[in-house]
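In what follows, every chain begins at residue 1, and chains take the letters A, B, ... in the order their sequences are listed. Atom set for the values below is all heavy atoms of this structure, side chains included, hydrogens, waters and symmetry mates excluded.
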Amino acid sequence: MTTHLLEGLNSAQREAVETIDGPLLIVAGPGSGKTRVITHRIAYLLREVRVSPYRILAVTFTNKAAREMQSRLDRLVGQRSKDLTVGTFHAFCALTLRKYGQHVGLDPGFSIFDDEDQQDLLKIAMEDAEVDPKKFNRRAVHSAISRAKSLLMDSKAMALRKSNYFEEIAARIYARYEELLTSNNAVDFDDLLLKTVHLLRNVAEVRERYQDRYVHMMIDEFQDTNICQYELAKIIVAKHRNICVVGDPDQSIYSWRNADIRNILSFKHDFPNARVVNLEENYRSTSNILEAAKGVIAANRQRLNNNIRTSKPGGSKIAIHEAFNEEDEAKFVLQQIDGLVRKNGVKLGDFAVMYRVNAQSRALEEACLRYGIKYRLVGGVRFYQRREVKDIIAYLRLINNPHDQVSILRVINVPTRGLGQKSLEQLEYWARTRNLSLYGAMEHIYLERTTGAAPTHPLQPRMAQSVVSFVALIEELRKESQQRDLVSLLDLLLERIAYKTYLEKDLEDAEERWDNIIELRNAAQDFKGLPPPTGLTSLLEHLALVSDVDNYEDAADSITLITLHQAKGLEFPVVFITGLEEGLLPHMRSMDSPEEIEEERRLFYVGITRAMERLFFTRAFRRGLAGGAGGPSIPSRFLQEVPQHLFTTPARLEPVGRASAPPLRMHTPPQPDKEEKPALVLRAGDKVKHSIFGEGVVVGLKGQGGDQEATVVFKNDIGMKRLLLSYAPLEKLSA
DNA sequence: CTTTCGGGATTTTTT
DNA sequence: ATCCCGAAAG
């Protein structure tokens, strides 16, 4: 058994796995087998030290990491992994507050406000605090409040610490925002952490229960934790002090979310007897790739030394390409992919295309569609924040927590109930004077009406009738939610509000939106088995804290389009990093501070170190930023930091002299088999075969020569695709 | 009260 | 280009 767990580990990795008593800091460079070490360490605790899985807490920073850890542990230790506590900080806190939230003023059904909800609430808070929204940017206020929360400051502490007028105003808004959250029986993301810290600090009974229970705690991506998260960890491990943190300062890319790199230094201070293990052996990348990464990161001044090294010598050099614009850039990427697939037999699942901002995915997606290459878009517009999905979620949240005013306001006119702004204002004012929540006031009207009492509210009769039927609906759903399973509750809701009809009548893309609702219904299926009220709560928690609904199974047959941030922790044989331009990477918004530039550089470093065998850098000479075309781009300064001998061809990295200079092609990429392939002559009605989509029939043709595009209907539910004849892997079947 | 139109501002990364 | 808000029309 022992041999199995420690087998194939190098000495540093072994030390990390076997050091189980007391605090441990693992500094893990990219590709150093970090996840392997963490999972093996947990398995070691379970199998060798005979620790009960119930006593181990492992927290990660993202859901993706948590899922990955859980599934690897399933394979290593089987059933027992089910009793481990594995999850993100936020999920762990949500669970804790569901159980013990009443100690910090939360009812069990509390809502978790996502970014959009937080903005909505903040808007109200700013109105209440009589702050001019034009003079004070909501996002700036929000980030100031968020920063304060991550530093464990309430609005009073913020007001005391204010150093300028903006912070004074922000503190005033913060105070009102907090009141509103409380009266909504809701928390934002920061509150999940903050209120859990308050809970554990103030309630000895709960604190001791947690401190006794968790004999071992592990934190992954420690460089990305904020002060509040670290405080939480310190409280939990105070008794046993078996805390193992794993991180890499060079991969710290979340300071904008208040992650605080000082935590690593504090750790050594707070746990002076901590063992430190450095994992420096890189098993992922070839030496050319690693040399590039080292060259780039060396330009950062603020860093602890760690020397990563690889045993994979040489490897392909890094290709660099300057495209004319973003379409051209996407075309280059897809041509390269196509070429590698054909000539080298690389699988689509081995490719990742990375970028700084989500908006860059569009050109790439379009190119994938044209070339008929399947892709998986990670992140992007999140499923749960689409309007129709959010509407239905708001209803569900309301069923769970009628004090959730943000959700009431969201659905009160979905479908239209004739309650406009004016009526709602009256209602809110009336509620406030009577010290009721919005729903409380509506309920009052409902009760007056059903008992035949004389109305005391200020609404017109027709408005009052709307309120009454709305409350009747919610009350019915609340009652049913105690009996029915989740899916049948959802079906009842959709039927009662005639949602499908509403979509068809009032919104564009009704069909697609309805499909999304069906998708939501599918997600609900997973919670169907739970006893009635629990299923709803669990689903809502899942929706609030899990950002993507992408399933990993499909990955094998598609290329991956992903932001650099999301790519952390992943690896791919072939990586493209696109948009290497000043203003994009490093991003414009980070240009005025050296610290932020260093973070951008770390982001680039993270991207480079995802690559195992091949790496491509691309940039566009002109990029169509929102609005105008944007001027000619300047190559990213980071490109100059890559040792030039690692490139396939000498790169022109200096800024272009004048705006009108013609774009230069750095090198012409091999055109994948263009000449070998006889131009395909097709007519509508011809049968064709595509290497991925299979057989189909041509239904239309457009364009000339190399740009000719065919519309093909494929069999087997694949449907209609538009393909460029010069690139798509199509062959004509004898008719 | 709701819908529609037009002007103005805004453009990062995610739990 | 897209979103958000306010004003005017329906």
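Residue A:Y254 is classed as a sugar-phosphate contact, given heavy-atom separations below 4.0 Å to backbone atoms only. Using a 4.0 Å heavy-atom cutoff across all strands shown, A:R138 reaches sugar-phosphate atoms only and no base atom. Nucleic acid contact class of A:K568 (heavy atoms, under 4.0 Å, all strands): none.
Between the CG atom of A:L564 and the P atom of B:dT14 there is a distance of 10 Å, given to the nearest Å. The distance from atom CZ of A:R387 to atom P of C:dT2 is 17 Å, rounded to the nearest whole Å. Between A:K64 atom NZ and B:dT13 atom P there is a gap of 14 Å when expressed in whole angstrom units. Rounded to an integer number of Å, the gap from OH of A:Y605 to P of B:dT13 is 24 Å. A:L97 has its CG atom 19 Å from the P atom of B:dT15, to the nearest Å. At whole-Å resolution of the value, CG in A:N63 and P in B:dT14 are 12 Å apart. Rounded to whole angstrom, the span from the CG atom of A:D114 across to the C1' atom of B:dT14 amounts to 12 Å. Summarising the geometry, the separation between OH on A:Y355 and P on B:dT13 is reported as 10 Å, rounded to the nearest angstrom.
Taking only side-chain atoms of A:V357, from C-beta outward, the nucleotide of B:dT10, B:dT12, B:dT14 with the closest atom is B:dT12. Considering only side-chain atoms of A:R362, the nucleotide from C:dC5, C:dT2, B:dT14 that sits closest is C:dT2. Looking at the side chain of A:R356, the nearest of the listed nucleotides C:dC5, B:dT15, B:dT12 is B:dT12. Minimum atom distance to the side chain of A:D115 is reached by B:dT15, of the listed C:dC5, B:dT15, B:dT12.
Between A:F638 and A:Y605, a ring centre-to-centre spacing not shorter than 6.0 Å is recorded. Residues A:F604 and A:F617 place their aromatic rings such that the two centres sit under 6.0 Å apart.
A tilted orientation is assigned to the rings of A:Y395 and A:F470, their planes being inclined by 30° to 60°.
Remark: the separation of the P atoms in C:dC4 and B:dT13 is 15 Å, to the nearest Å.
Below the 3.5 angstrom threshold, one finds no donor paired with an acceptor across the side chain of A:W256 and the base of B:dT12.
OP1 or OP2 of B:dT14 has at least one side-chain nitrogen or oxygen of A:T563 nearer than 4.0 Å. Regarding contacts with the backbone of B:dT10, every side-chain N or O of A:R589 stays at 4.0 angstrom or more from both OP1 and OP2. Distances shorter than 4.0 Å separate some side-chain N or O of A:Q566 from OP1 or OP2 on B:dT14. A sub-4.0 Å separation between OP1 or OP2 of B:dT14 and a side-chain N or O of A:N358 is present.
Environment of CZ in A:R201: crowded, with over 12 heavy atoms of neighbouring residues, nucleotides or ligands closer than 6.0 Å.
Both cation-pi conditions hold for A:R257 and A:Y254: the charged atom is under 6.0 angstrom from the six-membered ring centre and inside a 45 degree cone around its axis.
Residue-to-nucleotide proximity on DNA chain B shows that, of A:D190 and A:R139, the 5′-proximal contact is made by A:R139.
Side-chain atoms of A:E581 and A:S636 include no donor-acceptor pair closer than 3.5 Å.
B:dT12 has A:H587 stacked on its base ring, the centres lying under 5.5 angstrom apart and the planes within 30 degrees of parallel.
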